[in-house]
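All of these numbers come straight from a predicted model, not from anything done at the bench.
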Amino acid sequence: DHPGPGPARIKRDIFMGFNTLPFVFVFLPLFLAAFYLVPARWRAGLLCLGSLVFYVIGVWQRPWCLAPLLGLAVLVYLLGLRMRPRESRGLLVLGLAALFGCLFFFKYAGLLGLGVTLPLAISFYSFQLAAYLIDVYRGRAPAERKPLLFFTGVLLFPKLLSGPLMDPLSLHEQLSDPPRPGLEDFDSGLRDFILGLSMKVLLANQIGGLWRQVGNIGYESVSTPLAWMGIAAYSLQLYLDFCGYSWMALGLGRMLGFRLPRNFEHPYAARSMQDFWRRWHISLSSWFRDYVYIPLGGSREGTARTYLNLLAVWVLTGLWHGSTLNFLLWGLLLFALIALERAGWGRVLEPGNLPGVHGADDPPELAAVRHPLGEPHRRLPGPTVSPRVPGDRRQRRGLAAIRQTVLLAAGAGHRVLYPRAGEAVEPHPRHLAGHGDPGGAVLGLRLLYVRGHQRSVYVLLVLKGALS
């Protein structure tokens, strides 16, 4: 599903990712129009059908990818119906063996020379189904007996391809009542979608060009300043690409009446590796914490057992991200850094112990914001908006800064995409837009923030960008 340890990127052969012209200007408007026009009781069915169509279009060159998705979903649904909490251990083992066996086979079949490619999104929907099965066995979430609601939760297209992974109980509660999004939900969701689309297309794709140039030059030939610029560009591209895609997913979910969990909490502001993984790909970190680390004993079984549990988590994290040796080494490196922090180095990195860093006397509510996952054994709350506390102001300012950066970049790019008459500008707009990326369109789309008579002009810019 994803070539590197960072963003879970969509393969290039997919026709309809969130940042493609067919999705932004064909699928999404038609689906939203139908979704808002039909009665509320029909929306779950429409959402299930639309999500299935979305996945089919994504794998139209490999239609066999539907088999593992639907087959595993049917198996988990039937097992959930027959499962009795805390008693049906055999059914739980059977379901997990099928899910992870299928995932393991497709992930590592290439190493055996079988020529089998990885089905689209199998890493995400396998983990989502596994979480549902485990929570039903624990008695934490009820088994979904309505097949329409179950398959809608599995196929929900804002989260299907690249997450975020949802808490099964929260997903069940949100599906229990027909979604009834209002104008505020649509407006907020559209803004989040535009923000994420801008982060990915305007910033991530353009910044990533510097890293590609470094690779084209050859690592042995680059100068030291260029090497550092390449590292910075890769780090920013990694974050903006994945975070932007997550923002688009959140926005799509909000427009459909769902609250998806946030996947990022300013990770590059972290002070340690542990703090970083509390902020980066939060839904995946929470999954490993709730379904691997805590069931193994967490930090309650002594120091040696704690390190062994951490080793298991980070080995599995590396294997989940990829099938080659470098991913395993990456997971082991993260384990080594986190083990060093737990052994004492982490105290050096705490606020107040570093020169010029404040925070040692911060109130508890501010500390809770800086550490959004809370205590090691505390489950994350559902995907609702957290109550505002003093620390939220910094987060809102940080988000506002990101939005301003995006808008400034859009304003600068607007002169390139739509130059004045007689003004020669390089590069060509098609070079900026790229194949399948609405680079010009998003510059017009972001201008929907404004009001008044200018909006009609910006709608024309949207159409012009779609044709560029």
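Under a 3.5 Å cut-off, the side chain of Asn263 and the backbone N or O of Ser283 do form a donor-acceptor pair. Side-chain atoms of Glu341 come within 3.5 Å of backbone N or O of Gln274 as a donor-acceptor pair. Within the 3.5 Å criterion, the main-chain N or O of Leu69 finds no donor-acceptor partner in the side chain of Tyr55. Within the 3.5 Å criterion, the main-chain N or O of Ile122 finds a donor-acceptor partner in the side chain of Ser126. A distance-only check finds no donor-acceptor pair linking the side chain of His281 to the backbone of Trp277 [under 3.5 Å].
Outside the 6.0 Å centre-distance limit, the rings of Phe104 and Phe100 are not counted as a close aromatic pair. Note: Trp247 and Phe193 fail the aromatic proximity criterion, with ring centroids not under 6.0 Å apart. A distance below 6.0 Å separates the ring centres of Trp320 and Phe127.
Contacts of Thr117 classified as side chain to side chain donor-acceptor pair (under 3.5 Å), with partners at least two apart in sequence or in another chain: Arg62.
Below 30°, between 30° and 60°, or above 60°: for Tyr307 and Phe335 the angle between ring planes is above 60°, a perpendicular geometry. Relative orientation of the Trp287 and Tyr291 rings is tilted, given thresholds of 30° and 60° on the angle between their planes. Between Trp211 and Tyr234, the ring planes are tilted. Angles from 30° to 60° get that label.
Here the side chains of Ser123 and Lys107 are in contact, with some heavy-atom distance below 4.5 Å. Contact annotation: the side chain of Leu256 never approaches that of Asp185 to less than 4.5 Å [non-hydrogen atoms, C-beta and beyond].
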What pairs of donor and acceptor atoms, side-chain ones from residues 152-159 against any protein atom, are under 3.5 angstrom apart with sequence neighbours left out?
| residue | atom | partner | partner atom | Å |
| --- | --- | --- | --- | --- |
| Thr152 | OG1 | Ala44 | O | 3.3 |
| Thr152 | OG1 | Leu148 | O | 2.6 |
| Lys159 | NZ | Gly153 | O | 2.9 |

